Asks: 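Questions regarding the structure given below will be posed in turn.
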Amino acid sequence: MKEYDIFVPLFYNDGSPIEPKKFQWLQRRLLDRFDGLSFFPQPIKGYWKMGEVTYHDEIVIYRGVTKKVRSTRRFLILLKEDLKKAFEQEEIFIVERNIQVL
């Protein structure tokens, strides 16, 4: 079983907030794909470096769990490109982890 975290920015690069309808669109797509889905709505501050420049952003996290690993990876590769366009980002961070449910 795999768990996926999708880190989604709350603001465009110009500082304006991303419209709620885009988060609703994302949530519908994720609910159609995953066996279980969690949403962490509290804003999280993220930092990353490119060269000598440190960037920061506020993000939320969607977490999905599934047994369908191969098809989910294909789905996430396509979703990532859609998110980069819709949220006007150069990158979207998605983490995959092995999990065991007790």
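In this text the structure is predicted, and so the values were computed from the model without any measurement.
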Asks: Quick check: do V65 and M1 have side-chain heavy atoms less than 4.5 Å from each other?
Replies: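 Of all side-chain heavy-atom pairs linking M1 with V65, at least one is under 4.5 Å.
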
Asks: Using a strict cut-off of less than 4.0 Å between a Lys/Arg side-chain nitrogen and an Asp/Glu carboxylate oxygen, indicate whether K45 and D57 qualify as a salt bridge.
Replies: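 Result for this pair is no, no salt bridge flagged.
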
Asks: Any side-chain heavy-atom pair from Q27 and Y62 closer than 4.5 angstrom?
Replies: yes

Asks: Can you spot which of L26, I61, I92 makes a side-chain contact (heavy atoms from CB on, under 4.5 Å) with V8?
Replies: L26

Asks: Dump the intermediate steps for side-chain contact (heavy atoms from CB on, under 4.5 Å) on K2 and K67, then the final yes or no.
Replies: CA-CA 6 Å; K2 297 280 187 181; K67 294 177 184 174; over 6 Å; no

Asks: Rounded to the nearest 0.5 Å, how far apart are CD1 of I77 and OG1 of T72?
Replies: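 It is 11.0 Å, given to the nearest 0.5 Å.
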
Asks: Less than 4.5 Å apart, side chain to side chain, heavy atoms only: is that true for V95 and I6?
Replies: no

Asks: Within the 3.5 Å criterion, strictly below it, is a donor on E88 or Y12 matched to an acceptor on the partner's side chain?
Replies: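 Note: E88 and Y12 side chains miss the donor-acceptor criterion.
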
Asks: Heavy atoms, side chains only, cut-off 4.5 Å: are P43 and L10 in contact?
Replies: yes

Asks: Heavy-atom distance under 4.5 Å between the side chains of V60 and F40, does that happen here?
Replies: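 Heavy-atom side-chain distance check fails, nothing below 4.5 Å.
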
Asks: With the 4.5 Å side-chain cut-off for hydrophobic clustering, are V69 and I99 part of the same group?
Replies: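 Different clusters.
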
Asks: Nearest 0.5 angstrom please: R97 CZ to Y4 OH, how far?
Replies: 11.0 Å

Asks: Output the distance between atom CG (L37) and atom CG (L30), rounded to the nearest 0.5 Å.
Replies: 5.5 Å

Asks: Could you report the tightest heavy-atom contact between D82 and R29, atom names first, then the distance?
Replies: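 Nearest pair, atom of D82 first, then R29: OD2-NH1, 2.7 Å.
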
Asks: Mark yes or no for whether Q89, through its side chain, and F87, through its backbone, hold a donor-acceptor pair below 3.5 Å.
Replies: yes

Asks: Same cluster or not: are F11 and I44 linked, directly or through other Ile, Leu, Val, Met, Phe, Trp or Tyr residues, by side-chain heavy atoms under 4.5 angstrom apart?
Replies: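 Not linked; separate clusters.
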
Asks: I need the minimum non-hydrogen distance between W25 and A86, along with the two atoms involved.
Replies: CZ3-CB, 4.4 Å

Asks: In terms of heavy-atom contacts, does CD of E90 have more than 12 from other residues, nucleotides or ligands at under 6.0 Å?
Replies: no

Asks: Inspect the surroundings of NZ in K68 and state if more than 12 heavy atoms from other residues, nucleotides or ligands are less than 6.0 Å away.
Replies: no

